[in-house]
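I have placed the structure first, in the form of structure tokens, so that the comments after it can refer back to it.
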Amino acid sequence: TDGYGNVGFPNNTCLNDNCPDIYNPDQTDSDLDGIGDSCDTCTDTDNDGYGNVGFPNNTCLNDNCPDIYNPDQTDSDLDGIGDSCDTCTDTDNDGYGDIGFPNNTCLNDNCPDIYNPDQSDSNNDGIGDACCCDGIRGNINGDPLDKIDISDLITMVELMFNNNFIDPIFCASENDVDGSGELDIADLVYMVAYMFQGGPPPVNCP
């Protein structure tokens, strides 16, 4: 009774009904699959096997990129928006995007695996202080062999008391030798105890 005829009746001169068992005079078929939205169990406009959000008859899974074909449905930052259409794939959720995702319009994260919304980069090497730490903490002056010696202690003292970055490759995370997340006098005490009193070594990064 919606003005469209049931398929299979040879005498019909009316147009075929794309939902013969459901009244749908508008015959809307958003994904152009020949099945009207009123009875389509998967309205899928990009034809990737996942349905557009907002169609109550869908029994298929929702598409995390309804306008872009993405059958793998990859969502690296788990924000519900597929990588294929996400304008900021940001796995650590700090507001800066992971490098290598071509759809990103947000700024690149200088530490993509560690939350660092301030993007602090003390030595301007493009690697955020939050992730420049390597090996065990305490190699404050950036020795390539990860060696901890008196120069590291001097660098720590200069930074903590004179606000003096005396080494161009200083990494702030290395200064947090006890791994507490705070750069304070406890780190200096920890470092002195390790170097001169047989105390425990600095903890591993990050």
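For clarity, every value in this text was computed on a predicted model and none was experimentally measured. We use all heavy atoms of the structure for the numbers below, so side chains are in, but hydrogens, waters and symmetry mates are not.
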*Under the criterion side chain to side chain contact (heavy atoms under 4.5 Å, CB included), which of Thr45, Asn62, Asp37 is the partner of Asn52?*
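Answer to the side chain to side chain contact (heavy atoms under 4.5 Å, CB included) test with Asn52 among Thr45, Asn62, Asp37: Thr45.
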
Locate the shortest heavy-atom distance separating [X] from [Y]; write the atom from each residue and the value.
{"X": "Cys42", "Y": "Tyr50", "answer": "SG-C, 4.2 Å"}
{"X": "Cys60", "Y": "Gly49", "answer": "CB-O, 4.3 Å"}
{"X": "Cys65", "Y": "Gly82", "answer": "SG-O, 3.5 Å"}
{"X": "Glu174", "Y": "Ile136", "answer": "OE1-O, 3.2 Å"}
{"X": "Gly126", "Y": "Asn110", "answer": "O-CB, 3.4 Å"}
{"X": "Leu153", "Y": "Leu188", "answer": "CD1-CD1, 3.6 Å"}

For residues 189-200, dump all side-chain donor-acceptor pairs below 3.5 Å to protein atoms at least two apart in sequence or in another chain.
residue: Tyr190; atom: OH; partner: Pro201; partner atom: O; Å: 2.9

Do [X] and [Y] come close enough that some side-chain heavy atom pair is under 4.5 Å?
{"X": "Asn139", "Y": "Lys147", "value": "no"}
{"X": "Phe55", "Y": "Ser30", "value": "yes"}
{"X": "Phe101", "Y": "Thr87", "value": "no"}
{"X": "Arg137", "Y": "Asn204", "value": "no"}
{"X": "Asp29", "Y": "Asp31", "value": "yes"}

I'd like to know if the side chain of [X] and the backbone of [Y] have a donor-acceptor N/O pair within less than 3.5 Å.
{"X": "Asn58", "Y": "Thr43", "value": "yes"}
{"X": "Asp48", "Y": "Asn70", "value": "yes"}
{"X": "Asp187", "Y": "Asp178", "value": "yes"}

*Do Asp149 and Ser151 get their side chains close enough for a donor-acceptor pair, meaning under 3.5 Å?*
yes

*asked:* Checking Asp109 against Gln119: is there a side-chain donor and acceptor pair closer than 3.5 Å?
replied: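 Side-chain D/A pair, Gln119 to Asp109: present.
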
*If two hydrophobic side chains count as joined below 4.5 Å and joins carry through other members, does Val177 share a cluster with Ile154?*
yes

*For side chain to side chain contact (heavy atoms under 4.5 Å, CB included), just list the numbers for Asp152 and Met156, CA-CA rounded to whole Å, side-chain angles, deciding distance to a tenth of an Å, and then say yes or no.*
CA-CA 6 Å; Asp152 294 302; Met156 176 183 283; over 6 Å; no

